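One structure is given below, encoded as structure tokens.
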Protein chains: 2
Amino acid sequence: MALDHAILVSLLERPGSGYELARRFERSIGYFWTATHQQIYRVLGRMVTDGLLQVREVEQQGRPDKKEYSVTGPGRAALAAWLHKPIEPESLRHDLAVKIRGAAFDDPAALIDEVERHRQVHRDRLAHYLAGELRDFTGPEAPAPQDAGQELQHVVLRGGIAYERMTIAWLDDVLATLHRLDAAGPGA
Amino acid sequence: MALDHAILVSLLERPGSGYELARRFERSIGYFWTATHQQIYRVLGRMVTDGLLQVREVEQQGRPDKKEYSVTGPGRAALAAWLHKPIEPESLRHDLAVKIRGAAFDDPAALIDEVERHRQVHRDRLAHYLAGELRDFTGPEAPAPQDAGQELQHVVLRGGIAYERMTIAWLDDVLATLHRLDAAGPGA
DNA sequence: CTTGTCTATGCAACGAGTTGCATAGAAGGA
DNA sequence: TCCTTCTATGCAACTCGTTGCATAGACAAG
């Protein structure tokens, strides 16, 4: 149930509505977690029922009213309890790797376009992360590092950057391999 | 439904029982996909019903009999269809990153043990992958590269190795950050 | 001869996550 | 005026994945 905890962290960093959370999950939190708005709304409701969050109706001009969620004492305690409990190291689930091994039973060259498309997506993500790093952490306009939260957000972002760089390099390796197999002759 | 396709690829590489598949998913296939035996048995049953797989009862000595699954023509066709259909690039789901950002609202130093434990797991995985690479691909006993399947398995393994190396380096970065925050003073 | 371990298969219940659909206020453009 | 877009929330149905439990053959150790 890590979505609960991701929501707690995000709301501690800044209270917000379900809609705002959904947008954060497409951005900064999305570096390491994803969720659709439907899932977020459902979990928010359950967490309010469980007393981990509180809601406040906020009237807005120029747009529909919203419900602003924030973390309660018990919510904070639940997060702390989770932080102190060991978790299992992640296991990968990489569809593209399944495809690459599967290409042995089809035409490997047919995968080249797909792999190049994925590489482009990862290039875009890397550029997006680097722009965010410059804006929020390392650029001339960035605030001086003062609190732990900022340092920790930065180190997580560096993880996202490292992941994208590694992935791009690996996809280059994959492409080289596919081209080599293609040159060696289909069916060889 | 990528588990279906992972099973198709694994059974094309070598037919086997549900139990054997489960063990492969803890090993080589587990480099990029995971599944429990319960899930595997359920999916195997459905795939036989759908005509993608066929079963053969195999009597064994010294151990219980097993059901050996292999891929049918329609199964191969289903895999080919999936290979030619674009898939969405992966999104990360990294619990530990959630914890790291969450540490800002608790004691960052309390995370050090947890992060070190994860780093050790990734070191072990890396060692295991490197040993496998030496055994199957780059060592003196390894068979000479001849078919595409071998090359493709190798490039996927290189991806796993790159992922573990990147993760270990990032966790070192995380540890340095946590130690720095701890030295700067808790609550600072 | 009981206990434990490894091989081997499976059900039932639950929780997590996705997909499709539906509603509605506010703004801007055709 | 209608259409689209953005903000904002939510239900219903379904699939995917995990957890707990159960069974059973073969072997080895105590």
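Keep in mind that what you see is a predicted model, and the values were worked out from it rather than measured. Only this structure's heavy atoms are used, side chains among them; waters, hydrogens and symmetry mates stay out. Naming convention: chains lettered A, B, ... in sequence-line order (proteins, then strands); numbering from 1 in each chain.
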Query raised in the report: Rounding to a whole Å, what distance do you find between Q60(A):CD and dT9(D):P?
Result: 8 Å

Query raised in the report: Is a salt bridge present between R180(A) and E151(B), judged by a nitrogen-to-oxygen distance below 4.0 Å?
Result: yes

Query - F25(A) and H37(A), any side-chain heavy atoms less than 4.5 Å apart - result: no

Query raised in the report: Taking OP1 and OP2 of dA8(C), is either one under 4.0 Å from a side-chain nitrogen or oxygen of R63(B)?
Result: yes

Query - Separation of dC6(D) P from E26(A) CD (nearest whole Å) - result: 12 Å

Query raised in the report: What nucleotide among dT9(C), dG17(D), dT9(D) has an atom nearest to a side-chain atom of H37(B)?
Result: dT9(C)

Query - Length of the line joining I40(A):CD1 and dC11(D):P, which is rounded to integer Å - result: 15 Å

Query - Given DNA chain D, 5'-ward residue of the pair G62(B) and R42(B), judged by closest heavy atom - result: R42(B)

Requested in this report: Please check if the side chain of H5(B) supplies one atom and the backbone of A78(B) the other of a donor-acceptor pair under 3.5 Å.
Outcome: no

Query raised in the report: Checking all strands, does Q38(B) fall into the base, sugar-phosphate, or nothing category for heavy-atom contacts under 4.0 angstrom?
Result: base

Query raised in the report: Can a side chain N or O of R93(A) be found less than 4.0 Å away from OP1 or OP2 on dC16(D)?
Result: no

Report summary line: 5'-most contact on DNA chain C (nearest-nucleotide basis), G18(B) vs Q61(A), goes to G18(B)

Query - Euclidean distance, atom CH2 of residue W33(B) to atom C1' of dT18(D) [Å, nearest integer] - result: 15 Å

Query raised in the report: Does Y41(A) have a side-chain nitrogen or oxygen under 4.0 Å from the phosphate oxygens OP1 or OP2 of dT9(D)?
Result: yes

Query - Selected nucleotide, minimal atom distance to Y19(B) side chain, candidates dT7(C), dT7(D), dT9(D) - result: dT7(C)

Query raised in the report: Rounded to whole angstroms, how far apart are CD1 on I87(A) and P on dT18(D)?
Result: 15 Å

Report summary line: Rounded to whole Å, the CD-P distance (Q39(A) to dG17(C)) equals 5 Å

Query raised in the report: Would you say S17(B) reaches dT9(C)'s phosphate, i.e. side-chain N/O to OP1/OP2 under 4.0 Å?
Result: yes

Query raised in the report: P64(B) has a side chain; which of dG17(C), dT7(D), dG25(D) sits nearest to it?
Result: dG25(D)

Report task. Rounded to the nearest angstrom, tell me the gap between atom CG in D4(A) and atom C1' in dG17(C). Result -> 13 Å

Query raised in the report: Among dA8(D), dA8(C), dT18(D), which nucleotide sits nearest the side chain of K66(A)?
Result: dA8(D)

Query raised in the report: Looking only at atom types and distance, does a side-chain atom of R93(A) sit under 3.5 Å from a main-chain N or O of T34(B), one as donor and one as acceptor?
Result: yes

Query - Backbone N/O of L52(A) and side chain of D50(A): donor-acceptor pair under 3.5 Å - result: no

**Report entry** Separation of dA8(D) C1' from K67(A) NZ (nearest whole Å)
**Finding:** 10 Å

